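One structure follows; several queries about it will come next.
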Amino acid sequence: MTIDIVEAIPYRIPMRKPLHFASGEVHHIEHVLLRITTADGIVGIADVPPRPYTYGETTASVIEVLTGLFQDALIGTDALDRSLIHARLARTVGNPTAKGAVDIALWDILGKSLGLPVHRLLGGYTQQLPVSHMLGFDSAPALIDEARLFIEQYGIRTFKVKVGRRPLALDIQLTRALREALGPDVELYLDANRGWTASEAIHVLDATSDLGLTYFEEPDDAREVLGRRRLVQLSRIPIVADESAPSLGDAAREIHTGGASALSIKTARTGFTESQKILSFAEAMGIDVIMGNQIDSQLGSIATVTFGAAFEYSSRRAAELSNFLDMADDLMADPIHIENGFVAAPTVPGVGIAIDDHKLASYRIDKE
Ligand SMILES: [Mg+2]
């Protein structure tokens, strides 16, 4: 299964509802579709979400590295030799979502060549994952309406609330209003995207301690190590590393140095191979993991389901799978359905990404 062609196709789809959070905002998604084709005609597909405010990658830089350095490492190599390919890609630092997509595309090729869903090749633990929906910055009444709509329409019972604004009372009051409106049975957790200092975050934890929150993700900048360690030690709920732990090595460092007590795993940045290593590390350390969302399209979301539903340890908690609902459209030929709060794992050969060619033709931005 020699790799013959590597394509990186940029495309742009507007957001139906722009997403605002402490480290940035998204008005349209401009992603790169990666297609790796073998000499015998098997096509591996993955989605690359460039996130300059998190990883420094841009649409142009993703295309450049995929069709330059990475293409040189891929062409002529057998798609089964993933470890060899990873070793070659690792010579280039950074570029996490470009590397993650290469890994997912290689798994897609493997699954399609065997006629088996990658979800089952990885482990096949469960047939569906519960969904957590992300609430971006907005007024309390608007977010309460949004949450109620998602409970009613999709059966979602878990919400991640984006916080990190000043004055702190804004988000403290918002969280309290959500809890009062939604009742005690809905799971709520916070993500500040480094918007606060450690001392501010400790204040927020104290002020919300009666609200039954389950996690607090990236409350402050983890590089401010002593403040972060103090926060982790004082918190009664797990402090989740997301952007401070974008790789296996970073995850190990943050956990071992007391910078976090839970991990977000995003297949968009660590593919399936490195995500599995992070999952094994978390399991060995006995810390919770949350399957996170890189503001993924349906292509990225189904990859998260393929991985997350494959293992017992990654399917314990609701996974962040619903950001695509904020997008006006998608390239998926067979759209994802959220029913009774769950997304089903793909049963087709490969990762489960099938592209609607007409939509790709209309949204791609490399050919006018
Ligand atoms: Mg996050």
Side-chain angles (χ1 to χ4, degrees), residues 15 18-26 29 49-57 96-97 100 129 131-138 143 156 158-165 171 174-175 178 187-198 200-201 204-205 208 213-224 228 231-232 235 237-247 250-251 253-255 259-270 274-275 278-279 282 287-297 300-301 303-304 307-308 314 317-326:
M15 295 291 279
L19 187 64
H20 299 267
F21 42 98
S23 57
E25 53 188 67
V26 175
I29 61 156
R51 297 287 172 257
Y53 41 80
T54 310
Y55 308 117
E57 293 175 293
T97 66
L129 276 187
V131 177
S132 164
H133 180 65
M134 189 185 293
L135 299 170
F137 289 170
D138 210 333
L143 291 180
I156 291 173
T158 304
F159 295 92
K160 167 176 182 160
V161 187
K162 288 290 196 182
V163 295
R165 297 174 292 181
D171 287 330
L174 166 71
T175 309
L178 282 166
E187 180 181 350
L188 295 175
Y189 59 107
L190 306 181
D191 183 359
N193 289 105
R194 299 159 279 146
W196 289 323
T197 66
E200 287 173 326
V204 172
L205 276 171
T208 57
L213 304 175
T214 46
Y215 296 94
F216 197 173
E217 187 170 310
E218 298 293 4
D220 66 329
D221 190 335
R223 290 173 302 183
E224 298 173 2
R228 180 62 169 256
L231 166 65
V232 171
S235 179
I237 58 174
I239 301 297
V240 185
D242 173 7
E243 52 265 44
S244 61
S247 70
D250 293 317
R253 186 199 62 235
E254 287 306 305
I255 296 301
S261 43
L263 291 169
S264 172
I265 295 180
K266 293 181 173 175
T267 54
R269 66 187 175 207
T270 41
E274 191 168 349
S275 291
I278 296 172
L279 187 67
I287 58 168
D288 292 353
V289 298
I290 296 172
M291 292 307 303
N293 195 306
Q294 200 62 65
I295 316 175
D296 289 304
S297 66
S301 301
T304 301
F307 178 87
S314 53
R317 310 211 53 80
E320 296 163 5
L321 298 169
S322 60
N323 277 115
F324 70 85
L325 293 171
D326 292 335

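We count ligands from 1, going down the list as the structure has it; atoms in each ligand are counted the same way. Basis for what follows: all heavy atoms, side chains included, without hydrogens, waters or symmetry-related copies. Just so it is clear, the model here is predicted, and its values are computed rather than measured.
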May I ask you to establish whether Arg165 and Phe137 are in a cation-pi arrangement, using a distance under 6.0 Å from NZ or CZ to the six-membered ring centre and at most 45° from the ring axis?
yes

Is the closest side-chain donor-acceptor distance between Ser132 and Thr158 under 3.5 Å?
no

Can you give me the OE2-the Mg ion (ligand 1)-OD2 angle for Glu217 and Asp242, to 10°?
90°

Have a look at Asp191 and say which of its N, O or S atoms is nearest the Mg ion (ligand 1).
OD2

Under the salt bridge (Lys or Arg N to Asp or Glu O under 4.0 Å) test against Glu320, which residue among Lys162, Lys160, Lys266 passes?
Lys160

Is any side-chain heavy atom of Ile265 closer than 4.5 Å to one of Ser314?
no

Quick check: does Glu218 put an N/O/S atom under 2.8 Å from the Mg ion (ligand 1)?
no

